[in-house]
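Everything on this sheet refers to the single structure shown next.
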Number of protein chains: 2
Amino acid sequence: MINHHRSVKVLRRGDLARLTGCNLETIRYYENIGVMPEPPRSSKNYRVYDDRHVARLRFIMRARELGFTLDEVRDLLALVDGGAQTCGEVQGLANSHLASVRAKIDDLKRIERVLSSTVAQCTGDDVPECPVIDALTEVT
Amino acid sequence: MINHHRSVKVLRRGDLARLTGCNLETIRYYENIGVMPEPPRSSKNYRVYDDRHVARLRFIMRARELGFTLDEVRDLLALVDGGAQTCGEVQGLANSHLASVRAKIDDLKRIERVLSSTVAQCTGDDVPECPVIDALTEVT
DNA sequence: CCAGGGTCTGTAGCAGGTACAGGCTCAAGA
DNA sequence: TCTTGAGCCTGTACCTGCTACAGACCCTGG
């Protein structure tokens, strides 16, 4: 039996969300801010996606998982879309992102050191004297 | 010569900002969200601060530097204000914060590993093949 | 007397989403 | 056939942690 209305299954927003694990609303958000393209619409104004949209969204999600900001994602996509992107250009973006990731790690490690050494001095008792409070209150 | 209008120097918002290094507007923000108390007002409706406000704001800023969220700061302050706070209670908050800091460090380290090992494969040349793009595009 | 700095208020903006109201559309079940 | 529920559409508000700005005041020095 032939389905005259849609001979191939089209993807709607919910399908794209399920296929990628992306939040439904986030897809529209990505479209609004221009990292996802505006897809064609069905006669009833429903967004219609295909495999390339799936790939695109997965790309974005992977980049986000690697901590790239949406601005950086936009840059990466622009390079890819440009077609003539070079390994050197992408490497540049990735390296500067890597630097900021390392900076964040250093910040957090510093925090971890201070916090853990302070907490280590706690008696944990039902007494009001507390090294953590002292550290925060310190007049130094 | 006696200053009949203000025998002691009162602190206004700008003074508090300068003394603590806090942004001027942030002070008002902290008041709005209830981590800084509403200070008394002068006859002309200017906020009037004193030493305790300076100490309070420094406390908040130190806690923020240690990565406590404003919600956590609120909890810490509630304990301190309660007067009967115990070292055990504070230790509990600090430890759970410490756990989330460590989780963030682990996340970032994972990101760092993936990113650096990927970038290491880049030739950096003017060629379109790029391991970073491959990793993001991967169909896996 | 006026310029400039400070202060006051409310409000908008940033990232990066998330959520919800109010209205359509569509397919399946009774 | 009618109804009910799920899905989609739009715009908009909300979240954290600020930051900034407009338009009114107020105060001091020159």
Side-chain angles (χ1 to χ4, degrees), chain A residues 1 3-6 9-36 38-49 53 57 60-77 97 100-101 104 107 111, chain B residues 3-6 9-36 38-49 53 57 60-77 97 100 104 107 111:
Chain A
M1 198 154 88
N3 181 339
H4 290 279
H5 294 290
R6 11 185 219 187
K9 173 81 174 118
V10 302
L11 300 174
R12 291 188 302 178
R13 193 149 56 99
D15 301 320
L16 187 54
R18 267 185 302 278
L19 282 171
T20 58
C22 183
N23 179 291
L24 184 69
E25 299 289 288
T26 302
I27 294 172
R28 196 158 59 97
Y29 172 69
Y30 284 164
E31 183 182 324
N32 284 337
I33 64 164
V35 298
M36 281 294 283
E38 289 184 31
R41 300 292 184 117
S42 74
S43 59
K44 290 304 174 202
N45 203 33
Y46 287 11
R47 288 170 179 82
V48 176
Y49 297 102
H53 294 99
L57 185 48
I60 296 166
M61 291 176 77
R62 283 210 190 90
R64 295 287 302 130
E65 278 165 25
L66 289 179
F68 285 94
T69 66
L70 285 171
D71 259 6
E72 291 168 332
V73 172
R74 232 186 303 261
D75 291 344
L76 286 170
L77 288 169
H97 175 53
S100 79
V101 170
K104 266 180 215 149
D107 278 355
I111 288 171
Chain B
N3 181 340
H4 290 279
H5 294 290
R6 13 186 218 187
K9 173 79 173 119
V10 300
L11 300 174
R12 290 187 304 178
R13 194 150 55 101
D15 302 319
L16 186 55
R18 266 186 300 280
L19 282 172
T20 58
C22 184
N23 179 290
L24 185 67
E25 299 290 289
T26 303
I27 295 172
R28 196 157 60 95
Y29 171 69
Y30 284 165
E31 183 182 323
N32 284 338
I33 62 163
V35 298
M36 281 292 284
E38 289 184 31
R41 300 293 184 117
S42 74
S43 57
K44 289 303 172 203
N45 203 32
Y46 287 11
R47 288 169 179 83
V48 176
Y49 297 101
H53 294 98
L57 186 47
I60 296 166
M61 292 175 76
R62 284 210 191 89
R64 294 288 302 129
E65 278 164 26
L66 289 178
F68 285 94
T69 66
L70 284 171
D71 258 7
E72 291 169 331
V73 171
R74 232 187 302 262
D75 291 344
L76 285 171
L77 288 168
H97 175 53
S100 79
K104 266 180 215 150
D107 279 355
I111 288 171

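In what follows, every chain begins at residue 1, and chains take the letters A, B, ... in the order their sequences are listed.
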Note to self: What's the closest nucleotide to the side chain of A:R47 if the choices are D:dT10, C:dT9, D:dC27?
What the structure shows: D:dT10

Note to self: Keeping A:T69 on the side-chain end and A:E72 on the backbone end, is there a donor-acceptor pair under 3.5 Å?
What the structure shows: yes

Item checked: Value in whole Å for how far the P atom of C:dT7 lies from CZ of B:R41 -> 12 Å

Item checked: Separation of D:dC27 P from B:D15 CG (nearest whole Å) -> 16 Å

Check: Between D:dC25 atom P and B:Y46 atom OH, what is the distance in whole Å?
Finding: 12 Å

Next item on the list: Find the distance between CG (A:L76) and CZ (A:R62) and round it off to the nearest 0.5 Å.
Entry: 13.5 Å

Next item on the list: Over all heavy atoms of both residues, which pair between A:V73 and A:A63 is shortest? Give the atoms and the distance, please.
Entry: CG2-CB, 3.8 Å

Note to self: Check the phosphate of C:dT25 against A:R12, side-chain N and O only, distance under 4.0 Å to OP1 or OP2. Yes or no?
What the structure shows: no

Enumerate the protein-to-nucleotides 17-21 of chain C contacts in which both atoms are nitrogen or oxygen and the separation is below 3.5 Å.
unit_1 : atom_1 : unit_2 : atom_2 : d
C:dG17 : OP2    : A:Y30  : OH     : 2.9
C:dG17 : OP2    : A:R64  : NE     : 2.5
C:dG17 : OP2    : A:R64  : NH2    : 3.2
C:dG17 : O5'    : A:Y30  : OH     : 3.4
C:dT18 : OP2    : A:T26  : OG1    : 2.4
C:dA19 : N7     : A:E25  : OE1    : 3.2
C:dC20 : N4     : A:E25  : OE1    : 2.7

Item checked: Euclidean distance, atom CD1 of residue B:I33 to atom C1' of C:dG10 [Å, nearest integer] -> 17 Å

Item checked: Nearest heavy-atom neighbours spanning B:L24 and B:R13 -> O-NH1, 2.9 Å

Margin query: Let me check the geometry of the helix from C:dC1-D:dG30 to C:dA30-D:dT1. What is the bend angle between the axes at its two ends, five pairs each, to 10°?
Written below: 30°

Note to self: Suppose we screen for side-chain hydrogen bond (donor to acceptor under 3.5 Å, both in side chains). Which residues come up paired with B:E31, at least two apart in sequence or across chains?
What the structure shows: B:R47

Next item on the list: Assign each of A:D71 and B:R13 to its nearest nucleotide of DNA chain C by heavy atoms, then name whichever residue's nucleotide is nearer the 5' end.
Entry: B:R13

Margin query: What is the distance, to the nearest angstrom, from the CE atom on B:M61 to the P atom on D:dC18?
Written below: 9 Å

Checklist line | Atom-to-atom span, CD1 of B:I60 to C1' of D:dC18 - whole angstrom | finding: 14 Å

Margin query: Rounded to whole Å, please give me the gap between CG in B:N32 and P in D:dT19.
Written below: 14 Å

Margin query: Can you list everything that forms a ring pair (Phe, Tyr, Trp, His ring centres under 6.0 Å) with A:Y49? Sequence neighbours excluded, please.
Written below: A:H53

Next item on the list: Check side-chain hydrogen bond (donor to acceptor under 3.5 Å, both in side chains) between A:D107 and all other residues, then give those that pass, not counting sequence neighbours.
Entry: none

Notebook entry, point to check: Taking atom P of C:dC8 as reference, at what distance in whole Å does atom CG of B:L16 sit?
Noted result: 11 Å

Next item on the list: Hey, which sits more toward the 5' end of DNA chain D by its nearest nucleotide, B:K44 or B:F68?
Entry: B:F68

Notebook entry, point to check: Hey, are the side chains of B:L77 and B:I60 touching, using non-hydrogen atoms and a 4.5 Å cut-off?
Noted result: yes

Check: Which residues pass the side-chain hydrogen bond (donor to acceptor under 3.5 Å, both in side chains) test with B:D15, sequence neighbours left out?
Finding: B:R18

